[in-house]
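Have a look at the structure below, then the notes.
Chain letters run A, B, ... following the sequence lines, proteins first and then strands; every chain starts at 1.
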2 protein chains.
Amino acid sequence: MTNPSQTVRELIRKHYAALTQSERKFAQALLENYPAAGLASITIVAANAEVSTPTVARMVQKLGFKGYPQFHQALLKELEAKGSGPTQRRAKWASEAPESHLLNRFAQTVTRNIEQTFANIDTESFDGAVRQLADTDGQLYVVGGRITRSLADYAFTHFQAVRPRVTYMTASSATWPHYVLDMTEGDTLLLFDVRRYEANLERLAELAAGRGVRVILITDQWASPITQVAQFSFNCWVEAPSAWDSNIATMMLLEALIAATQEVCWPETRDRYDRLDALFDMTRLFR
Amino acid sequence: MTNPSQTVRELIRKHYAALTQSERKFAQALLENYPAAGLASITIVAANAEVSTPTVARMVQKLGFKGYPQFHQALLKELEAKGSGPTQRRAKWASEAPESHLLNRFAQTVTRNIEQTFANIDTESFDGAVRQLADTDGQLYVVGGRITRSLADYAFTHFQAVRPRVTYMTASSATWPHYVLDMTEGDTLLLFDVRRYEANLERLAELAAGRGVRVILITDQWASPITQVAQFSFNCWVEAPSAWDSNIATMMLLEALIAATQEVCWPETRDRYDRLDALFDMTRLFR
DNA sequence: CTGACTTTGGAAAAATCTTTCCACACCGAC
DNA sequence: GTCGGTGTGGAAAGATTTTTCCAAAGTCAG
């Protein structure tokens, strides 16, 4: 039958590939509220996950249980085991992992970064930057440094979907003058610069600002010197239990900016998304 | 009837004086293993406490419940509330901003994603994947899809610093066969695939797996079909208050993988970092 | 020691839950 | 467009649980 040493969570992971769509729906619901979402009667549990009773019944059998009651019992055993443990563990990140596992140390540090970063955002600046990013009269240029190049790329991919007139400036600084040539007042430059701050980026920001371009800077907690020419700048905490810096908070701020911009541009963006979808459907034919 | 704000524990204490001997026996059993000892069927629960079914039935009525099912439900609600505890900690991130400001909604959703993602990581898989990523005997290939291309790029930038023999497979799938040509047993393929899952990536994963390459998949909570050929796969929650998906949790998992790999490779990585630094210092002369 | 009262658990009736079956809907292939 | 295959939920059959009833056991005062 079922190896009793495996948790239901592990079983779900193991069999996830074999689950159908609505079975997954239930699996998700359970994982999101674990294990409470699996401890009521099958009827109730199914209704909460918005699937039918038979779906749940079939799924628990796939997981290796003889029937729902057995599944219920397994969950209960886990709960019991957890309760009788040493002390109730406070943070339940990677619950199965020991406290000192890198996963837990990492999660802890990054959470702090995120808290710090968001606590230090000036909401007015944020809204101001968003207005600027949503201004489709001007061109939006995006650029990053050695490490943040990927973030700039991510920003580009999304902003391109949200609004027209977005340009990604390649990482190779040799080509930047070409872009500057076309920058005019009212344009926007979204710029990433974390330590080690790059002199090239600073020169670029100065040139752009000199031409009347609004610079939005995303930097780390120590602030790139570009802050001085930027109209809006945001500091992201990058502490990490490793030799390099974590850019989670940075990326989170970026996503927040994208989400907010999308909200401002909405009617237009919706149309763009629809058209984009249609285009992807067409390329699907190639497979 | 019953004041819903009271916990069952409190109710028991309050009514304890009015309970009979065997009812107390059950109360003790419940309190000793709370709330698990009250979440099975009344039959089982009674047997565990070594009392009869009617005893339990009478007692829950004394506590103010209409019947055992209601009692059961109350316990479940408590458990559920406990599970969602950490979310309260969201407190006041972007403190000045109103609750409904996008920044706060965003932070809330993403925090949940991160919790979910980390709670569902199987530590053993994580460690296994890290061992694989740290194995410098084989080549490490990195590839992503339309959206995750940036993450693959980020992964590449970092892994390249951590270890030798890393290859970034361009986003253009036309060139992939060239890479597959050189893949051999013992190589590793780090692959990102979130919805809409891309058929090209699936084909690539199949080809690679067929050549004995170990596939490590990073996907979303709904799981890309590539899971089936992957040796290790990780699900990241991507819920976002916007039209697209958030990749914060995905990136976080990625960073955790990089950090862990770096730890495993350390003596060698340290050396690489030093040399890299020296190289950057040289390029600084150009500014 | 008796009798009234309380407590307890066995057993049947009632209610509910679980499973199974089946028809319909959906999707991809030809 | 049609066809085969898979996935889904409604509904009934089957199983279990919950409740109720009642008799037996225990307790205590007189």
Results of ring-ring contact (aromatic ring centres under 6.0 Å, His included) for B/Trp176 - residues two or more places apart only = none
Can you name the residues that form a salt bridge (Lys or Arg N to Asp or Glu O under 4.0 Å) with B/Glu124, not counting sequence neighbours?
-> none
Those residues that, when tested against B/Arg203, pass salt bridge (Lys or Arg N to Asp or Glu O under 4.0 Å) (two or more places apart) = B/Glu206
Could you tell me the separation between the CD atom of B/Glu23 and the P atom of C/dT7, rounded to a whole number of Å?
-> 8 Å
What parts of residues 39-57 of chain A reach DNA chain D, counting only heavy atoms under 4.0 Å away?
-> A/Ser52, A/Pro54, A/Thr55
I would like to know whether A/Glu255 and B/Ser246 meet side-chain hydrogen bond (donor to acceptor under 3.5 Å, both in side chains); could you show each step before the answer?
-> CA-CA 7 Å; A/Glu255 279 199 356; B/Ser246 161; 2.6 Å; yes
Please state how far atom CZ in A/Phe71 lies from atom C1' in C/dT18, giving the value in whole angstrom units.
-> 14 Å
Can you tell me the distance, in whole Å, between the CZ atom of A/Arg58 and the P atom of C/dT18?
-> 16 Å
Not counting sequence neighbours, list each pair that qualifies as a salt bridge (Lys or Arg N to Asp or Glu O under 4.0 Å) and has a residue in residues 223-246 of chain B.
-> B/Arg195-B/Asp245
How would you list, by chain and number, every residue that makes a salt bridge (Lys or Arg N to Asp or Glu O under 4.0 Å) with A/Arg58, sequence neighbours excluded?
-> none
In terms of the nearest nucleotide of DNA chain C, which residue is placed more toward the 5' end: B/Gln21 or B/Pro69?
-> B/Gln21
Show me the donor-acceptor pairs, under 3.5 Å and distance only, between side chains in residues 211-219 of chain B and residues at least two apart or in other chains.
residue  : atom : partner  : partner atom : Å
B/Arg211 : NE   : B/Met183 : O            : 2.9
B/Arg211 : NH2  : B/Met183 : O            : 3.1
B/Arg214 : NH1  : B/Gln132 : OE1          : 3.4
B/Thr219 : OG1  : B/Asp193 : O            : 2.7
B/Thr219 : OG1  : B/Ser224 : N            : 3.0

Could you tell me from which nucleotide to which nucleotide of DNA chain D, 5' to 3', there is an atom under 4.0 Å from chain B heavy atoms?
-> D/dT17 to D/dT20
Can you check the B/His72 NE2 to C/dC17 C1' distance for me, whole Å?
-> 12 Å
Round to the nearest Å and state the distance from A/Phe65 atom CZ to C/dT19 atom C1'.
-> 17 Å
Under the salt bridge (Lys or Arg N to Asp or Glu O under 4.0 Å) rule, what pairs show up with a residue in residues 151-161 of chain A, not counting sequence neighbours?
-> A/Asp153-B/Arg149
Under 4.0 angstrom, heavy atoms only, what part of the nucleic acid is A/Arg24 near: base, sugar-phosphate, or nothing?
-> nothing
